[in-house]
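Since the structure comes first, as structure tokens, the remarks are kept for the end.
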Amino acid sequence: MKFKMIHNNINVFDLDRSLKFYEEALGLTEVKRFGADDGSFIIVYIANDLSEHQLELTWLRGRKDPYNLG
């Protein structure tokens, strides 16, 4: 089976802090953003100009504790 990876998803607790981290550490910048009309989530795609691959950052309203990513 052949396939092409286009993005990976990471759920984030603090979207602004995460965007700053990925820009400073890896040079990834926002390429697309959308969210629910009720504000329950925001999805931001980030990338650089060296690859077609994107990282999807998902913020969920109401999250009280940071994610335990092991």
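Worth saying up front: this structure is predicted, and the values here are computed from it rather than measured. Computation of the quantities below employed the complete heavy-atom set of this structure, encompassing side-chain atoms and omitting hydrogens, waters and symmetry-equivalent molecules.
- Connection of Tyr67 to Ile43 is established within a shared hydrophobic cluster, with ILVMFWY side chains joined at heavy-atom distances below 4.5 Å, either directly or through further cluster members.
- Taken to the nearest 0.5 Å, the CG atom of Asp16 stands 6.0 Å off from the CG atom of Asp14.
- Not a single ring pair (Phe, Tyr, Trp, His ring centres under 6.0 Å) links Tyr22 to another residue, sequence neighbours left out.
- Leu15 and Leu26 fall within the same hydrophobic cluster, defined by Ile, Leu, Val, Met, Phe, Trp and Tyr side-chain heavy atoms under 4.5 Å apart, directly or through other members.
- To the nearest 0.5 Å, atom NE2 of residue His53 and atom CD1 of residue Ile46 are 11.0 Å apart.
- No chain of hydrophobic side-chain contacts below 4.5 Å, direct or via other Ile, Leu, Val, Met, Phe, Trp or Tyr residues, connects Phe13 to Val44.
- In terms of heavy atoms, Ser18 sits closest to Leu57 at CB-CD1, 4.2 Å.
- The line from CD1 of Ile6 to CD of Glu52 is 10.0 Å long, rounded to the nearest 0.5 Å.
- In this structure, CG in Leu19 is found 10.0 Å from CG in Leu28, a value given to the nearest 0.5 Å.
- Residue Leu60 holds its CG atom at 8.5 Å from CZ of Phe41, rounded to the nearest 0.5 Å.
- Interatomic distance, Leu55 CG to Asn8 CG, rounded to the nearest 0.5 Å: 6.5 Å.
- In the hydrophobic clustering of this structure, Trp59 groups with Phe21; members are Ile, Leu, Val, Met, Phe, Trp, Tyr whose side-chain heavy atoms approach within less than 4.5 Å, directly or through other members.
- Side-chain atoms of Arg17 do not come within 3.5 Å of backbone N or O of Val12 as any donor-acceptor pair.
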